[in-house]
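Only one structure is covered here, and it is reproduced in the block below.
What you see is a predicted model, and the numbers here were worked out from it, not measured in a lab. Just follow the structure's listing: the first ligand is 1, and inside any ligand the first atom is 1.
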Amino acid sequence: MAIAEEVGALGEATLADIQAASTTAELEEVRVAVLGKAGSLTAYLRAMGQVPKEERAQVGKTVNEVRNAVESALAARKDALAAAELSAAIDAAAVDVTLPGRAQQMGTRHLINKLTDEIAEIFLGLGYSVKTGPEVETDYYNFEALNAPADHPSRSMQDTFYVVDRSGKESAVRGESDVLLRTQTSGVQVHVMEDEPLPIYMIAPGKVYRRDVADPSHLPQFTQIEGLVVDEGITFGDLKGTLDFFCKQVFGPDRVTRFRAHYFPFTEPSAEVDVSCGICHGEGCRMCKGTGWLELLGCGMVDPNVLSMSGIDPEKYSGFAFGMGVERAACLKYNVPDLRMLLAGDMRFLRQF
Ligand code: DAH
């Protein structure tokens, strides 16, 4: 076959391959095989010098024609394949906007936040204000100003998380710490007595921390609400009346309270308040361990020492204080047998409230 015919046949075959290529990658293979450095048409161009003279003009012309035809066929096919590939990619990534959406689960406010607000509302209604204090507290506010100096046995009642003290003080260098995660909200009493004018009618809700392992009746972190009243002529009768009113508001008018003598370092006299069991109403059941009563809070008349340490004259003023755990109050209100259920985040449980 004459060389020009060979080139013509190569051109025909290449045009067919170009049409047959079904992806841009395949098309590129065809281009490289024909027009690449070692391509079949390139070989003819390179070998032009060896073509017999009489054929050269014809071969040169044919090679050029074939190259032009192949190049324009490649360009056209490349455009077509790229457009097809793009539209396939778009189809593959397409979102069916007619599909129904997946419904979002609505959360609810947590029971503890709701009950904290409910309790605050009761005291706001009695003219109290709501105060807050730091969760990382000093030993002074958490213990000492509350009548519990360093060697006081009440400190062993509460296992404390200490925070590394970076103050550079001698004791801090020895590895001791005056900084802690507050074990009670009672320290807010001291801040308020130091900072605010009398009389004081306040509550202080907030988180407290103890080195306890979580079990049905203990949590290492929980919520307390502290209460403090300091005014002229405040008596234990005011304390009893206030807390009995409060308990009936929270737990319902059919629940009764009792005050049991107790000890707290910052109050004298001190008491614990029990609420009648909401399940057996005093008969005795598993919830109340057969006693008919559930322990709710601690309270008492503010110790005169605590008043004078914060600069208040105990001859002129007296006061009462109380402190309760909100998680515990929630269990008593809703007959929940285990504090840990409040933290499990189970929506089926939380939605009930
Ligand atoms: N801070 C006490 C506790 O964590 C609770 C308490 C008891 C607070 C008596 C008071 C109080 O203000 O008067 O156990």
Side-chain angles (χ1 to χ4, degrees), residues 116 119-120 123 128 130-135 137 139-148 152-161 180-194 200-212 217-231 234-244 246-247 257-275 294-307 309-310 312 314 317-329 332 339:
T116 303
I119 293 171
F123 284 102
Y128 288 52
V130 176
K131 304 289 178 190
T132 54
E135 287 175 30
E137 190 50 288
D139 183 276
Y140 179 79
Y141 287 97
N142 196 73
F143 291 121
E144 199 168 330
L146 291 163
N147 221 17
H152 196 280
S154 77
R155 291 192 178 206
S156 62
M157 285 159 58
Q158 295 175 344
D159 265 357
T160 309
F161 284 115
L180 45 82
L181 298 186
R182 67 181 177 191
T183 60
Q184 50 186 356
T185 43
S186 304
V188 184
Q189 288 185 22
V190 181
H191 287 288
V192 172
M193 284 192 286
E194 282 180 356
I200 293 167
Y201 288 81
M202 67 131 226
I203 57 161
K207 292 190 189 79
V208 300
Y209 303 86
R210 296 194 189 168
R211 291 176 57 169
D212 274 326
S217 53
H218 297 86
L219 295 173
Q221 177 198 311
F222 59 99
T223 315
Q224 264 193 347
I225 296 184
E226 189 72 19
L228 175 70
V229 167
V230 181
D231 203 345
I234 297 294
T235 68
F236 200 88
D238 296 316
L239 167 63
K240 277 191 88 170
T242 303
L243 292 181
D244 189 67
F246 160 75
C247 289
T257 55
R258 75 172 181 188
F259 287 66
R260 254 183 312 105
H262 198 74
Y263 168 77
F264 295 103
F266 34 91
T267 44
E268 182 57 37
S270 304
E272 273 189 333
V273 178
D274 298 339
V275 184
L294 298 160
E295 185 189 313
L296 173 64
L297 55 79
C299 63
M301 300 306 290
V302 181
D303 192 299
N305 256 338
V306 172
L307 293 175
M309 266 190 281
S310 291
I312 294 172
Y317 290 96
S318 58
F320 65 74
F322 56 87
M324 76 188 91
V326 182
E327 285 78 0
R328 191 169 172 74
L332 303 201
L339 286 173

* Just jot down the ligand 1 atoms closer than 4.0 angstrom to any heavy atom of Phe264, in number order. => 7 (C), 9 (C)
* To do: Would you please name every residue forming a side-chain hydrogen bond (donor to acceptor under 3.5 Å, both in side chains) with Thr185, sequence neighbours left out?
  => Gln224, Glu226
* Asked: At under 4.0 Å between heavy atoms, which part of Phe266 makes contact with ligand 1: side chain, backbone, both or neither?
  -> side chain
* Counting heavy atoms only, name the option from Gly298, Ala321, Gly227, Gly300 that's nearest to atom 9 (C) of ligand 1. => Gly298
* Asked: What heavy-atom pair brings Glu194 and Tyr140 nearest, and what distance separates the two atoms?
  -> OE2-CE2, 3.9 Å
* To do: Please confirm whether Arg210 comes within less than 3.5 Å of ligand 1 when only nitrogen or oxygen atoms on both sides are compared.
  => yes
* Side chain, backbone, both or neither: which part of Ser186 comes within less than 4.0 Å of ligand 1 when only heavy atoms are counted? -> side chain
* Polar side-chain atom of Arg258 near backbone of Asp274 as donor-acceptor pair, under 3.5 Å -> no
* **Residue part near ligand 1, for Met301, under 4.0 Å between non-hydrogen atoms** => neither
* Structure fact -> Numbered in order shown, the ligand 1 atoms found under 4.0 Å of a heavy atom of Gln189 are 12 (O)
* Asked: Given Gln184, Glu268, Glu272, which has its nearest heavy atom closest to atom 1 (N) of ligand 1?
  -> Gln184
* Residue from Lys207, Arg328, Glu327 passing side-chain hydrogen bond (donor to acceptor under 3.5 Å, both in side chains) with Thr223 -> Glu327
* Which atom names give the shortest non-hydrogen contact between Gln184 and Leu146, and what distance separates them? -> NE2-CD1, 3.7 Å
* Close-contact set for ligand 1 against Thr267 heavy atoms, below 4.0 Å -> 13 (O)
* Asked: Is the side chain of Asn147 donor-acceptor paired with the backbone N or O of Pro265 at a distance under 3.5 Å, no angle test?
  -> yes
* Step by step, would you call Phe123 with Ile225 a side chain to side chain contact (heavy atoms under 4.5 Å, CB included)? -> CA-CA 11 Å; Phe123 284 102; Ile225 296 184; 5.7 Å; no
* Location of contacts on Met324 toward ligand 1, heavy atoms closer than 4.0 Å -> neither
* **Atom of Thr242, atom of Tyr128 and distance for their closest heavy-atom approach** => CG2-OH, 3.6 Å
* Structure fact -> In ligand 1, the atoms that come under 4.0 Å of a heavy atom of Gln224 are 3 (C), 4 (O)
